[in-house]
Structure formats: C-alpha cells, structure tokens
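The sequence lines fix the lettering, A, B, ..., with proteins before strands; numbering per chain opens at 1.
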Amino acid sequence: MLGTENQTNYIGKAVERIEDAALLSGQGRFIDDLPTAPGTGHAAILRSPHAHADISAIDTSRAEALAGVHAVVTGKDAELWSEPFLVGVRQPMQHWCIATERVRYVGEPVAIVVAESRYIAEDALALIEVEYQTLPAVVEVMAAMAADAPILHSDVGSNLVNERQFNYGNPETAFADATHVVRASVRYPRNSCTPMECFGLVAEYLAAEQSYDVLANFQGPYALHPVMARALKVPGSRLRLRTPADSGGSFGVKQAIFPYIVAMALAARKARRPVKWVEDRLEHLVAANSATGRISNISAAVAADGVIEALELEQIEDCGAYLRAPEPASLYRMHGILTGAYNIPHLAVTNRIVLTNRTPSGLNRGFGGPQVYFALERLMQRIAIELNLDPLDVIRRNLVPAASMPYRAAAGAVLDSGDYQACVSRALKDGGLAELEARRDAARAAGRHYGIGFAAAVEPSISNMGYITTVMTPEERRRAGPKDGAVSTASIAVDPLGAVIVTADSIPQGQGHRTVAAQVAAEALGLRPEQITVNLEHDTQKDGWSIAAGNYSSRFAGAVAGTVHIAATRLAKRLAEIAAPQLNATPEDIVFSGGRLFARDNPDNSLSFGRVAGAGHWSPSSLPENMVPGMRETASWSPDQLVAPGEDDRINGSAAYGFIFDFCGVEIDADTGQVRIDKYVTMHDAGRRLNPALVDGQIRGAFAHAVGAALYEELAYGEDGSFLAGTFADYLVPTACEIPEPLILHHDSNTEATPLGAKGMAEGNCMSTPVCLANAVADALSLDEIALPMTPSHVTEHLHGAERPPSTDRSEAPAQTLPGKGRGLTGSGASLVPAPPGQVWQMLLDPDTLAAIIPGCESMERLGENAYRAVAVIRIGPIRGRFKAVIQLSDLDAPHALTLSGSATGPLGSGAGSGRVTLLADEKGTRISYEYSAEIGGKVAAVGGRMIDGAARILIAEFFKRFAAVAGGTAGETVSLWQRVARLLGLAR
Amino acid sequence: MPRLKAGEKSRISFKLNGRKVSGDAEPRLLLADFLRHEIGATGTHVGCEHGVCGACTVRLDGVAIRSCLTLAVQANGRRVDTVEGLAEEDGTLSRLQAAFRRNHALQCGFCTPGILMSLEDFLARGGEPDEGEIREMLSGHLCRCTGYSGMVRAVLEIVEEMHEEQNA
Ligand code: FES
Ligand code: FES
C-alpha cells in the first residue's frame with residue numbers, strides 16, 4: 001500500500017493538536033465570535049412558565065411598540081410559513097418550532113422578539129402578554145400511562161405513543177426451564193452533558209431566492225437537515241446550513257438546536273434581516289435537551305453456575321413532551337446489542353415510548369447506552385448476590401468468547417473483534433484488583449463503608465441509519481422503504497503551489513478532529529501534519545455530506561478519519577502515476593517522504609510533492625492518459641455490514657464494537673453519605689488508536705460526565721412539571737475536586753470494520769461508569785436497589801432512613817419540593833392595627849386598599865364579587881417582572897376571618913397560593929394574623945430556589961405589613977425589605 | 001463619582017492587555033459583553049452568566065474576577081487583562097499556555113480562557129501549591145470536556161519548573 005510505504009508515520013502518535021494555539025490565545029472562532037452583517041437583529045425567546053397549558057391569547061403589541069424592536073414572532077407565523085416537524089412514529093402529534101395552541105413543557109418557546117440588541121429584546125419579552133389556561137401536568141412515565149392521566153397530544157389519545165415487542169431465540173422456554181430467575185428494576189434519571197458553550201446561530205432569509213441561510217453550532221446528524229427543510233417548506237438546497245470552525249463542546253446535546261434553526265429562520269424572514277440568537281444557560285438547562293429517563297425491568301434465566309440462558313427486558317422510555325427527531329433513537333440505538341458483552345442466546349424485549357410534560361429528549365453522550373447498561377450490569381451484580389457467586393465469575397462465564405468473533409448477538413449486532421476475557425484478566429492484574437480488595441478489607445475491618453463495583457460493556461460506534469426503523473413493524477418498514485448504512489464523505493485537494501487541504505463531514509466540537517485528519521493525510525502523502533490544512537467548517541451547499549454526517553455515535557475515528565484515509569490514498573495513487581514515468585519507476589514503487597516522491601530503490605532522484613501535484617493545475621495535458629485533471633479526491637464510504645433490520649427484527653446497529661471493562665473502589669462517609677471514588681480502573685479495546693493522547697482525553701471526558709451522572713446531576717422537576725435546576729448552582733456539574741484520575745488501560749484489537757481499524761471510544765465510560773459506581777455503592781452498603789444520582793441525600797437515606805421533617809416551631813418552615821407540587825412555601829405572621837375589626841374588615845374588602853397594599857401594583861380591575869385582576873411589577877434583587885394576578889376573597893366570616901387566594905403569572909414564572917386571615921379584637925385595635933401556603937413554578941422556581949423562596953416570603957410578609965400600615969398600624973417588625981433581602985443573601989445580618 | 005442613568009450610555013476606557021481601549025456602555029452592560037461585543041475581544045467566553053462556570057474570568061487590576069458579574073462601567077480607568085494578552089506579540093505561547101497544549105488540558109477550549117486567567121493570578125501569588133490546592137483553585141471553573149486531568153498536570157509541571165528555577 002502506498003500510504004504505508006512512506007517513512008514518516010503519524011497515525012498512532014500522540015501528535016500535539018493543531019487546534020490549540022488559537023484556542024489558547026483567545027482566537028477561537030465560536031459562533032458568538034463571528035462577525036455579523038450590519039443591521040443584524042438579536043433574538044430573545046419568551047418561554048412557557050407552565051408545564052401544560054392552552055394558550056388562549058398572546059398580545060405582542062406593547063413589545064412591538066418598544067423602541068429598537070424589529071419583530072415579534074409567534075406560533076401564528078410558524079403556521080403561516082412552516083410545518084410541524086416529521087415524527088419518527090406514526091402518530092397524530094404535532095411539534096412546531098414555536099408553540100401554537102398549547103405548551104407542553106416549562107421552557108417551550110412561545111414567542112421570539114427580534115431587536116437591535118439582546119438587552120432590548122429581553123426588555124420586550126416582559127411586555128408580551130400571554131394568557132394561559134393551565135392543564136394538569138404529568139411528569140412520571142408510570143403516571144403518564146395511567147388511564148386517568150392528562151393527555152399531552154389529544155389526537156393520539158394516549159401518552160404511550162409506541163409499543164413494540166420482540167422475541168429473539170426462544171426466551172419463553174428458557175425462562176420456563178430456568179434454574180433461577182433473577183430480576184432487577186432500575187430507573188435512569190434525566191440528565192444532560194451541558195456543553196460549556198450553549199446553542200448559537202445566525203439565520204437569514206434570502207427573499208429573492210426564497211431560501212434560508214443559517215450558520216449554527218449544530219453537530220448533526222444531518223438526517224435532521226431534511227427534517228428542517230421540510231418544516232421550512234423548502235427543498236434541501238434552499239436551506240443552506242453552515243457550521244463555524246469552533247464549537248464549545250456538544251456531546252450530542254447540540255443536535256437539539258435544530259428546532260431553533262427553523263424558528264430563527266422564520267424570525268429572520270419576518271424581521272427582514274439576519275437574526276442572531278445565543279442561548280443563555282437558563283434556557284439551556286430548562287429546555288435544550290436531555291437524556292431520556294428510563295425505567296427498566298430486567299430479568300435473567302440463569303443456571304446454577306451463573307451462566308445466563310435468556311434475558312427479558314422491559315423498557316419504558318420518557319421522551320418528554322414531543323417525540324423530537326431523531327427520537328425514539330435513544331431507545332433503539334442499543335437494540336441490536338441489548339445483551340451487552342455476553343453470550344446470551346435468547347432475548348425478549350418490550351419497548352414503550354411515553355410522553356411526559358418534560359423537555360423533549362435527544363442525543364446525549366452515551367445515547368441509550370447508560371440506560372441499557374445500568375439495567376444489565378446491575379442485574380449481573382444481583383445474579384452474583386442471589387446465587388452466592390463471585391461477581392467477576394458471573395461476568396467471565398458469560399462474556400462472548402474471543403473464538404466466536406465475529407459474533408452475532410441475539411438481537412442482531414455483529415461484534416467485529418475483541419478478546420474480552422483477555423481484557424478482563426489484564427485489567428484485574430494491571431489495575432491492581434488484589435490491592436484494592438486489601439484496601440476494602442482494611443476499611444471494612446475499621447468499620448467503614450467500602451465497596452467494589454464492576455462493569456463490562458460493549459461500546460457501539462458509527463450508527464446504522466436504519467436502526468431507528470426497528471421501531472416500526474416489518475410491514476411498516478416494507479412500506480417505508482429500506483434505511484441503512486452510514487455514509488461518510490471527505491475531500492482532499494492540492495492547490496497550485498502544492499499545499500494540501502482536507503475537508504470532511506465530521507463537525508467537531510472540540511475533540512481534535514483536525515489534528516487526526518492531518519495525521520492521516522500527512523502519512524499518506526509523506527508530509528508533516530502541520531503542512532496539512534484541515535477545514536471542518538461545513539456548508540451543506542458546498543461540502544459533501546449525507547444523512548449520517550455529523551459528530552455523534554463516536555463515528556469520527558472509524559468512519560471520517562477512515563474516509564480521509566481513502567481519499568488521501570487515492571490522491572497518492574494518482575500522484576504516483578504522474579511521478580512514475582519521470583522517475584523511471586512503476587507507480588507501485590513510488591515512495592512519499594519528507595515532501596518528496598522517489599522510487600523505492602533510488603531515493604536520490606526525487607521530485608518535490610508540490611511539483612508533481614502542480615501538474616494537475618498547470619499542465620493537465622501532461623497528465624497520464626485517462627487521468628482526470630485537477631487535484632481533488634472526494635471519497636465516500638459506508639460500512640457494508642450496516643444493512644436494514646430484517647424481517648426477524650434483527651438489527652446490526654453499529655459498524656464497530658469496542659469493549660470496556662471497569663472496576664472501582666468507593667468509600668462512603670457514614671455521616672454525610674458522600675461517595676468518594678478511591679480508585680477507578682477502565683480498560684478499553686478501541687481498536688487502533690489514531691492519536692493515543694486524544695483517545696485518553698476522550699476517555700477522561702466521558703468518565704467525568706459519567707461521574708456527574710452517577711453522583712450529582714439531575715434535571716429535576718416538581719410533580720407539577722415545574723423545572724427545578726435552572727442554574728449551575730442547582731444542576732451540579734462536577735469540578736476538579738470531584739473527578740479523580742482514572743487509571744486507563746488499553747488492549748487494542750485488530751478490526752476490519754473500518755478503513756483504519758479504529759473503533760469509536762468517546763462514549764463508553766458514560767455507559768460503563770455510572771453502573772460501575774452504583775455497583776460499588778450497592779456493595780458498600782449491601783443494597784438491593786440504588787437510584788441515580790447517588791447524591792449524599794439519597795445515600796444517607798439508605799444509611800439512616802429518610803430525613804425527618806424539621807421541627808415545626810418555626811413560623812416560616814423551610815421551602816420544600818412538596819410531592820405533587822412545585823416549590824412549596826408556607827408561613828405565618830401577625831401584625832397589630834390600631835382600628836377595630838369592623839373597620840379593618842371594610843378595608844380588606846375595598847379594592848382600593850387591596851391595590852395599595854399589593855407590592856408594585858400598577859392596576860386593579862374588578863372581575864366580580866370579591867374577585868379582582870391586578871397587574872404588579874415585582875422586583876426581587878436584580879430580577880424584575882410584571883405579573884398578572886387574579887385575586888379572590890372567599891370563606892368570608894365577617895368581621896373575623898377570610899381566605900385570600902390568588903395566582904400570578906409573568907415572564908419570571910407563576911405562583912399560586914392562599915392565605916387565611918384572622919382578625920382578633922385587641923385592646924389596642926385589631927390583631928391580624930395570617931397563615932399561607934404557596935407554590936412557585938416557571939423561571940423563578942428554576943433559578944436558585946434558595947434565594948427565591950426567601951424573597952417570595954418577604955413579598956407575602958410585605959403584603960400583610962403594608963395592609964397593617966394602610967390601616968394605620970405598625971408591623972411587628974421594623975426591618976426594611978431591603979435589609980431582609982440582604983440578610984437572605986448573606987450580605988447583612 | 002459620576003451618577004449614571006439607566007438607558008444612557010457613558011464613555012468607558014481602560015487598559016486592555018496594556019493598550020488603551022474605549023467604548024460606550026449603558027450602566028447595565030456587563031463587562032463580558034462590553035469586551036466581546038464593543039471592543040471585539042472575543043477570547044473571553046460566557047458560559048453561564050451567573051458566576052458559576054468561570055469561563056468569563058478576566059483580571060481586573062491583576063485580580064481574577066468574573067466579567068459576567070461585573071459591569072463595564074466598573075472597569076472604567078482600570079487595567080483589564082484577558083487571554084488575548086498571554087502569548088508574546090509574535091504568537092509564542094506563554095509557559096502556561098504551552099503546558100496546557102503539551103498536557104492536552106483543553107478540548108473545545110471554551111472554558112480555557114477563564115481558567116488561564118485564574119491560573120495567572122493564582123500562580124502570581126507564589127508559594128508552591130500541591131495537587132489538592134490546585135484542584136481546589138480549579139474548582140472555581142467548570143470544564144465539560146477534559147475531566148480536568150490535563151490542567152492539573154500542566155499546573156503541577158509549571159509549579160515544579162518554578163521551584164527548580166528558584167533553587168537554581
Ligand atoms: S459566564 Fe461568568 S461565571 Fe459563567
Ligand atoms: S475544554 Fe471544553 S469545556 Fe473545557
């Protein structure tokens with residue numbers, strides 16, 4: 001082979017990254033760094049504060065009237081110019097880029113303001129009036145499947161939008177004949193890899209050409225491009241989608257920018273100017289994307305020695321409020337490999353896809369793998385415990401033997417290569433299991449909680465574009481036509497002076513793809529990597545791409561770098577044909593090295609690379625006969641092994657399969673429940689490692705995500721659908737103090753699954769690590785079940801039982817997330833008014849008094865008997881918002897007591913509550929006492945509940961104090977509102 | 001001190017990486033936004049706008065601060081240093097930058113500028129921080145790509161170098 005003949009090998013070397021110099025010196029070119037056209041508008045999005053509500057009216061007139069506002073876009077515009085997105089299952093549900101008639105999750109876009117600046121656009125959001133009719137929400141999948149559940153999509157008639165059952169082999173018989181049946185039920189929470197850079201885009205509508213041009217930090221898969229083009233009602237060629245040079249991480253998450261690409265394309269059309277939108281962190285956490293939550297019930301038919309005969313798996317998937325493309329891919333990505341690293345011939349699967357009032361799910365590092373292995377590897381531990389076997393023996397007795405490779409798994413995956421037994425043995429030895437066991441024994445002898453966990457996982461890479469069709473029946477697939485393969489495209493060109501440029505469809509998000517592509521091209525052409533310019537900015541109108549393009553399913557090393565290799569090798573072959581006659585040699589004998597070409601046996605007579613390549617530009621007539629002119633090679637490659645699911649529903653979902661074996665030791669603090677990772681060992685078979693430093697970087701990064709998922713992170717919701725993790729103070733991303741250094745080991749196998757023998761490896765630890773840690777914690781505490789994330793509060797429940805409620809002798813109980821509610825508040829207080837109860841009573845019923853005592857009240861209007869509508873501007877520290885409130889007085893017991901209830905909605909969120917007010921005659925006048933309970937949802941609930949709870953309490957107290965003041969009295973306390981806010985924030989005492 | 005009015009712009013100037021820059025800013029304009037969108041110094045990144053992630057860290061009169069929690073007007077007349085000022089004029093990377101590159105301490109590079117600026121301040125304070133102290137300091141920053149190992153290695157390497165130089 002020509003490529004391997006040159007004397008300068010770069011593939012497999014830890015070459016320093018060509019990306020770094022710019023990124024280290026502030027010269028990155030991220031989306032928000034790029035210049036925009038003069039007059040570009042800036043967009044801000046109004047989002048639903050409710051988890052489930054009908055939109056009865058939107059009044060945008062005040063926002064439109066604000067100076068500097070160019071346009072306000074709502075669902076009406078979406079209906080005018082776009083269509084709902086295509087959905088992956090056949091069901092009558094509509095998902096528009098902006099809500100039209102109903103909102104189904106907190107954070108769903110309701111309107112977009114385009115203005116001169118982002119600041120003005122956000123000002124204008126506060127002026128949009130939306131009337132909602134709230135509906136009951138459902139956030140748990142089991143509740144969502146109940147007969148009386150609120151239905152998200154009325155036309156579907158159920159929140160269970162798809163159900164399929166699969167049988168591979170003969171699981172029924174295997175279970176009937178089984179010596180033992182071992183079961184596990186697990187729940188995988190919703191979390192997200194939250195890239196440090198949020199979504200960003202600049203969209204433009206070219207009216208004369210009726211086409212859209214969008215620059216966005218989208219990451220693929222480009223199967224979503226047709227989805228966007230269809231939604232915009234244009235041919236694909238009229239949605240030009242470009243990506244910037246740099247993107248601040250993605251991990252799958254930025255796939256979900258695609259609905260915003262469509263929404264902002266419409267905004268640009270309406271505003272008649274380019275529109276830029278950069279998502280902020282609150283928007284990102286509340287509404288960007290999430291891994292699917294999943295409930296798995298798994299059981300195994302097991303022989304006495306721990307050998308598994310059959311598996312039965314029921315998976316209930318929480319896809320959130322809409323089945324957003326490419327979902328339900330999370331559930332089907334792993335379908336062919338549900339038996340993991342084990343030789344299990346019989347398998348039964350039931351898959352249910354359920355919608356809930358949460359953010360739609362989508363790509364997230366590991367994509368379906370963390371959920372599957374959490375069930376499977378928890379089960380492996382349970383088998384060992386229930387059968388009284390060593391967990392390692394159970395794993396080893398079931399691993400697919402090396403001699404069986406390539407191995408066809410029950411549900412269709414074809415494991416290409418690997419020696420799993422050897423990986424495990426080496427990991428145990430090189431990773432020092434014996435020493436770890438000694439540490440455990442010593443810790444336990446000292447009365448400490450120490451556990452060891454194991455996990456084995458097959459890591460799929462390079463997804464088959466057809467796996468998602470496994471959700472359809474064979475009959476439906478026949479009608480829809482076959483879907484399969486995974487096309488990669490790369491080009492290599494030499495310019496007239498001999499400089500080499502590589503382009504490809506990988507859409508990197510920080511992994512160093514440019515470096516690796518340069519290594520691959522340099523090796524084929526006898527150049528140095530720094531001599532290769534790699535441009536991976538992508539342009540759908542000009543670059544090669546297909547639906548599989550993008551940065552996901554760990555496809556780069558296997559597919560994209562492999563395709564660069566094919567293109568570079570073809571180019572080298574042509575150059576050798578041009579050079580051969582001049583060097584009196586055959587093309588096969590030409591060697592590329594040090595920027596020169598020469599015959600193998602005559603290195604002294606050489607030609608410069610640039611001169612040979614230049615012929616394609618300067619003198620096409622001198623090229624060998626039949627050679628095409630120009631100096632560009634474009635290669636496309638798709639793995640032959642990726643075919644469509646068969647009639648038997650077997651699917652080989654990925655082109656290559658790596659292997660991981662992990663073990664770890666953890667110690668749990670008996671008082672705090674804190675899990676400390678004492679040691680973590682991770683063994684990988686990633687095939688041929690193209691750049692070992694970058695491979696280890698990917699493993700470390702995935703490991704860090706996995707530690708976060710295992711111990712800290714959850715996109716938490718109240719049962720009313722309010723979102724509770726809107727800042728990085730609520731959604732806890734691990735820092736340098738929480739991530740230990742894993743010991744990384746390698747055992748590379750040879751594979752022919754990809755052109756260079758590389759397998760993907762960037763997601764594996766997201767699959768193996770959460771369950772490995774969970775197994776260790778379960779081992780430490782002798783638990784049958786363990787839920788993620790294993791936060792100190794969850795773990796202490798196992799150690800000490802559920803936390804007792806606080807003693808109730810405080811007048812203001814601490815805020816809690818009440819079951820069935822959002823953030824709940826209760827409180828009470830009293831004040832003295834120097835007027836008799838009769839007079840106080842009259843004042844309470846007087847709307848003017850009410851208007852005067854509602855903090856920030858702008859207007860008050862009577863709705864009926866003792867019912868009012870008020871508009872109030874409420875400020876809490878730096879946050880300000882205009883709320884619309886409905887207030888009702890009821891249970892009137894003149895002049896002793898009444899109930900004051902109300903609800904308020906505004907851009908910051910919503911609140912509802914009621915208070916019982918009691919008047920008691922006192923020698924100095926009337927003693928007014930009040931008790932209230934309230935719930936808060938929307939943005940205020942999502943951002944730092946700690947501060948908001950206190951502030952809300954202050955507002956409520958302020959209301960009653962003002963009342964006392966209006967009635968001529970004094971409040972029990974004379975501390976000012978600001979002093980109290982300052983106290984709450986810890987700024988004053 | 002001049003009294004500023006909401007909605008009205010005032011002229012701000014300060015020394016950015018040793019050079020005088022100026023621009024107009026409303027009182028509410030964040031220093032991060034002023035640097036990025038007024039001055040065009042886009043090396044400083046914004047990852048959360050609520051003070052947790054550290055991506056926006058710059059040095060104000062030498063001290064590492066969050067430019068997303070600082071108003072542009074607060075920088076008036078002062079000295080601001082950002083990632084753009086770290087390398088030599090000819091592009092030669094500083095010792096810290098080079099150690100980051102050698103140790104694969106960055107992937108996407110979005111968190112990196114803030115981390116470099118915090119480390120510049122941290123290392124300038126002297127002493128010989130150990131790994132625990134380095135991790136403690138880095139815990140003021142979030143990185144989603146690297147798992148922090150490369151950064152810790154890079155800083156340990158530099159501390160070691162500085163130690164050797166002092167003893168030489
Ligand atoms: S952007 Fe300033 S701390 Fe995150
Ligand atoms: S390198 Fe990507 S966030 Fe740190």
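If you measure heavy-atom distances from A/L285 to chain B, you find no contacts under 4.5 Å at all. Contact of B/L96 with chain A is not made at all, since no heavy-atom distance falls under 4.5 Å. Looking at B/V83, the atoms closer than 4.5 Å to chain A (heavy atoms on both sides) sit in the backbone and in the side chain alike. Both the backbone and the side chain of B/L106 come within contact range of chain A, with heavy atoms under 4.5 Å apart. For a residue to count as touching a neighbouring chain, one of its non-hydrogen atoms must lie under 4.5 Å from one of that chain's; by this rule B/I115 does not touch chain A. With a threshold of 4.5 angstrom between heavy atoms, A/A14 does not approach chain B through any atom at all. Residue contact with chain A, scored on non-hydrogen atoms closer than 4.5 Å, involves the backbone and the side chain of B/L142 alike. Both the backbone and the side chain of A/P734 have a heavy atom closer than 4.5 Å to some heavy atom of chain B.
The candidate from B/G147, B/A55, B/A105 with the greatest count of non-hydrogen atom pairs under 4.5 Å with chain A is B/G147. Among B/C111, B/A87, B/A41, B/C48, the residue with the largest count of heavy-atom pairs under 4.5 Å with chain A is B/C48. Of the listed residues B/C108, B/C145, B/G43, B/G109, the one with more heavy-atom pairs under 4.5 angstrom with chain A than any other is B/C108. Here A/G697 is the residue among A/A702, A/A704, A/G697 with the most heavy-atom pairs under 4.5 Å with chain B. Contact count against chain B (heavy-atom pairs under 4.5 Å) is highest for A/F30 among A/F703, A/F251, A/F30.
Under the side chain to side chain contact (heavy atoms under 4.5 Å, CB included) criterion, A/A557 pairs with A/L690, A/A758, sequence neighbours left out. Remark: B/F14 pairs with B/F34 by the ring pair (Phe, Tyr, Trp, His ring centres under 6.0 Å) rule, at least two apart or across chains. Not counting sequence neighbours, the partners of B/D61 by the side-chain hydrogen bond (donor to acceptor under 3.5 Å, both in side chains) test are B/R78.
Contact between B/F110 and A/G248 at its shortest, heavy atoms only, is CB-CA, 3.9 Å. When every heavy atom of A/A21 is checked against every heavy atom of B/L93, the shortest pair comes out as O-CD2, 4.3 Å.
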Using only the distance criterion (under 3.5 Å, no hydrogens considered), which donor-acceptor pairs connect chain B with chain A?
residue, atom, partner, partner atom, Å
B/R28, NH1, A/D123, OD1, 3.0
B/R28, NH1, A/D123, OD2, 3.3
B/R28, NH2, A/D123, OD2, 2.8
B/L30, N, A/Y119, OH, 3.1
B/D33, OD2, A/Y119, OH, 2.6
B/R36, NH1, A/D33, OD1, 3.2
B/R36, NH2, A/D32, O, 3.0
B/R36, NH2, A/D32, OD2, 3.0
B/R36, NH2, A/D33, OD1, 2.8
B/G47, O, A/R281, NE, 2.8
B/G47, O, A/R281, NH2, 3.0
B/H50, NE2, A/F728, N, 3.0
B/Q97, NE2, A/L24, O, 2.7
B/R101, NE, A/E16, OE1, 3.1
B/R101, NH2, A/R17, O, 3.1
B/Q107, O, A/R17, NH1, 3.4
B/Q107, O, A/R17, NH2, 2.6
B/Q107, OE1, A/Q698, NE2, 3.1
B/Q107, NE2, A/G697, O, 3.0
B/R135, NH1, A/A736, O, 2.7
B/R135, NH1, A/I739, O, 3.1
B/R144, O, A/H705, NE2, 3.3
B/R144, NE, A/C193, O, 2.9
B/R144, NE, A/T194, OG1, 2.8
B/R144, NH1, A/E713, OE2, 2.9
B/R144, NH2, A/S192, O, 3.1
B/R144, NH2, A/T194, OG1, 3.0
B/R144, NH2, A/E713, OE1, 2.8
B/R144, NH2, A/E713, OE2, 3.2
B/Y148, OH, A/P734, O, 2.8
B/S149, OG, A/R700, NE, 3.2
B/S149, OG, A/E741, OE1, 3.4

